[in-house]
Protein chains: 2
Amino acid sequence: MSQNISALVNNAKAIKCLYYNEALSSSDISNYIGKSIPHAIKVLNELIKEGYVIEKGYASSSGGRKPLQYSLIPDTHYIVSVAISQFYIQIGILDMNNRFVADIVQHELELYDLKADNLIAEIEKYITQSGINSSKILGVGVTMPGFIDPVKGINYTHLDCKDTSLVDYMQQALSLPVFIENDSTAIALGEQKFGAAMYQDDAMVINLGWGIGLGMIVNGEIFRGHSGLAGEFSHIPLIKNGKLCKCGKHGCLETEASLIAIISKANEEIAQGQRSSLANYETIDADAIINEAVKGDMLSVKLISEAAYHIGQCLAILIHIMNPAIIIFSGKASVIGRLWMAPIQQAINEHCIPRLAAYTELVISNLNANAQLIGGAVLVVESIGKLLGDKIEALNKELDINQ
Amino acid sequence: MSQNISALVNNAKAIKCLYYNEALSSSDISNYIGKSIPHAIKVLNELIKEGYVIEKGYASSSGGRKPLQYSLIPDTHYIVSVAISQFYIQIGILDMNNRFVADIVQHELELYDLKADNLIAEIEKYITQSGINSSKILGVGVTMPGFIDPVKGINYTHLDCKDTSLVDYMQQALSLPVFIENDSTAIALGEQKFGAAMYQDDAMVINLGWGIGLGMIVNGEIFRGHSGLAGEFSHIPLIKNGKLCKCGKHGCLETEASLIAIISKANEEIAQGQRSSLANYETIDADAIINEAVKGDMLSVKLISEAAYHIGQCLAILIHIMNPAIIIFSGKASVIGRLWMAPIQQAINEHCIPRLAAYTELVISNLNANAQLIGGAVLVVESIGKLLGDKIEALNKELDINQ
DNA sequence: CAAACTTTTTTAAATTTTTAAAAAGATTAC
DNA sequence: GTAATCTTTTTAAAAATTTAAAAAAGTTTG
């Protein structure tokens, strides 16, 4: 049995890199899994026999024999991704080529009101409606705010499940493998494999949403810190004697620059009689401010610019400590990236050693609103080694019983 | 020849872990190099044949056959370590058990006046006086402030060597392998292998000296960032409209909390007639303030406390981003660690999410003033793979010529 | 003090992995 | 059109590495 384990690791690695690349040659795979070409070919042939992989014709060559291309067969398995944010949840299902194969659904559900049973019901409904056989689903990736231990499968901040872990509870109910991860970390995973952080070993991914999150990629891997709390970017103390934050401290970045903070400032200003097209809205929400800012409303632009400047101040600090190759703005609010960029860049220029600022690229994600859902799928793919391992263990148990 | 390379890697790894541990069993070595026990024993026997390693009797056992212990033979090779700081340089020589085998010498030499030829002459003199044959010296580790590329062997801030790199220039002159590294990074290396960061995968090492440096250990490895500038801790913007820093910005931590800043504040206060035992000194230097603070002089204590509080503020930010297991205070000024600790801890408590502060241990180095010198030696040991590789390459060239 | 249990060391066989050479397929230049 | 070049694939042999069992050397317990 132990001989299976090393083979398993290589097979899992090959599946992963094929998921992230859709077509690769034997030599590519050899590089990804760090083994010789004959070895890589052996692995690929095994995966073909097992039905995961298919030969996909020849790629072009710069002079020499054309390399045979290998791909995952898209419809062998599917991945369900669940993206939870402060005010709604989204569910999607992706095939083995990382393509959404059913419409993404969105439910308005406040995180603080959300119950695990609620969530499970929505996921079950979605899977049924998709028409995809449950046996073909590799796993469910759930990504959400909170302090999360992905190994233990617990969210310490939300969705407490009393005597069992959230992951165990959901696995039991859904009869499917479940994995959980923090939303900002998931977005970083998505950017790393399919977005602006591809081929980057040191990237900081800012999750511009109702809060301000940070996912860190260090030495090509997601960095979580010693107890999983690294990247608490939004609670960096910024303003002396600032507003009280829900974390218990005063003047955190989050109290000044999150969408929620911007909304509350907008309401204050309007109440004080400030002229703005926002006054025409019954309730001012994030979309209202974003829309009016795009249209040129002075107050909306001012509020976003001020928030962005504060974010830039904190980014300057982050750059001094981490010296990243790139900072990526992702998450819900990144779609209006242009509005944030100028004041952020200005704050960085003012507060950073010039050499450091010059070495750091700032970009807006091209994954748009889907970064978190994609990250949830990546989360499942990254766990494929574990999934295959569990399957083999189960098979071995059956064998033991039959003997 | 290629078969030598993989053997070489394992031999180098074995030598490294023996340097860091002074006596290990075959099973320990097997764990360190990540190979099976029979393989580890093979490596050890090779190293015994080559004269590096010796069997060192048996260790005790908790029930079972006693393990044979292996050690490096101390006097086969030596390492020269050169620690350069703002105002003086120190030179030491260590054996293969990481023990100083000659007195450490110290020269008062301002970094800005220092020339490479100067430095080389001092190193040559020191080696001659030590009486150790140059052929037995594995290499010279030079550690100093500045923005350093250890791979290219260049210090971009100090000791410019025009058309050649500092490392090439020194190697030519000394006829010995030379390695350079930033002082704070070297201190982190020293702490990682012999100090408070042993067995810690996520540690931040603060270099309390004339400036305030930071060496980062992330996932068990020194973290340098994308372009080698990570850990620019002392230039975190702290004070709004603060003093001008030599980096070009205003209000950096360094302008408020470094020993140099403290000295200048002390002079100001004394000039303004502030009562203090410091007034009895002709020139107030770091030692004066440290000594008087220890004796209880109010002004000295106040100055150090204020600086420490500012350092604590920045540490709170660092903790939010990195979530380290431990923060270690090392470097010259760490010997008066007790004086710093209370205000630092207070600032952290005030500015950190409680859960994060609780998970972070703060300790004072027990390597005292020698962390940088030890780090310089570690730097050479870490490069042993390269050294052995060069040796084999040279041998192969000779063989080619003879054939 | 002998039996039972632990741990380390040795050995030989099995397995994994790589290397290197040969074969095959494709491009380029003359 | 063909020789020269280049790259990928296949193959078989060689090398590296691990596994597992046996042997050796202790410790503990009743």
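Quick note on labels: first sequence line is chain A, next is B, and so on, each numbered from 1.
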Here's a test of your reading of the structure: between A:G64 and A:G34, which maps to the more 5' nucleotide of DNA chain C?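 Going by which nucleotide is closer to the 5' end, it is A:G34.
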[X] side chain near [N] phosphate (N/O to OP1/OP2, under 4.0 Å):
X	N	answer
B:K66	D:dA25	no
B:S61	C:dT6	no
A:H39	C:dT18	yes
A:S62	C:dT27	no

Is the shortest heavy-atom distance from the side chain of B:I222 to the side chain of B:L189 under 4.5 Å?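 Yes, their side chains come closer than 4.5 Å.
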Is any side-chain heavy atom of A:V101 closer than 4.5 Å to a side-chain heavy atom of A:I132?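 Result yes, sub-4.5 Å side-chain heavy-atom pair found.
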Nearest-0.5 Å distance that lies between atom CD in B:E221 and atom CD in B:Q192: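 Rounded to the nearest 0.5 Å, the CD-CD separation comes to 8.0 Å.
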I need the B:E22 CD to B:Q69 CD distance, nearest 0.5 Å.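 Between B:E22 CD and B:Q69 CD, I get 10.0 Å after rounding to 0.5 Å.
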Rounding to a whole Å, what distance do you find between [X]:[atom1] and [N]:[atom2]?
X	N	atom1	atom2	result
B:K42	C:dT9	NZ	P	18 Å
A:D28	D:dT9	CG	C1'	14 Å
B:N31	D:dT18	CG	P	12 Å
A:N10	C:dT15	CG	P	17 Å
B:K35	C:dT17	NZ	P	11 Å
A:I41	C:dT19	CD1	C1'	14 Å

Backbone N/O of B:D75 and side chain of B:D95: donor-acceptor pair under 3.5 Å: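 Pair absent, no side-chain N/O of B:D95 close to backbone of B:D75.
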Main chain of A:S25, side chain of A:D28: is a donor-acceptor contact present, judged purely on distance under 3.5 Å?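 Confirmed, A:D28 side chain pairs with A:S25 backbone.
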Other residues, nucleotides and ligands only: do more than 12 of their heavy atoms fall within 6.0 Å of NZ on B:K152?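 12 or below, so no.
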Other residues, nucleotides and ligands only: do more than 12 of their heavy atoms fall within 6.0 Å of CD on A:E50?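 Buried by this count: over 12 neighbours within 6.0 Å.
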Look at the side chain of [X] and decide which nucleotide, out of [options], has an atom nearest to it.
X	options	value
A:R65	D:dT10, C:dT7, D:dT8	D:dT8
B:S26	C:dT19, D:dA20, C:dT9	C:dT9
B:L68	C:dT18, C:dT9, D:dT9	C:dT9

Assign the ring pair A:F194 / A:Y19 to parallel, tilted or perpendicular, where the plane angle (0 to 90°) is split at 30° and 60°.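 Perpendicular: the ring planes of A:F194 and A:Y19 meet at over 60°.
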Is there a residue in residues 45-59 of chain A whose heavy atoms reach under 4.0 Å of DNA chain D, and which residues are they?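 DNA chain D contact set from residues 45-59 of chain A: none.
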Going by heavy atoms closer than 4.0 Å, what residues in residues 11-25 of chain B are next to DNA chain C?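 Contacting residues: none.
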Do A:Y32 and A:N21 have side-chain atoms, one donor and one acceptor, less than 3.5 Å apart?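 Present: a donor and an acceptor within the cut-off.
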Base, sugar-phosphate alone, or nothing: which one does A:S27 contact when heavy atoms must sit under 4.0 Å apart?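 The residue A:S27 makes no contact with any strand.
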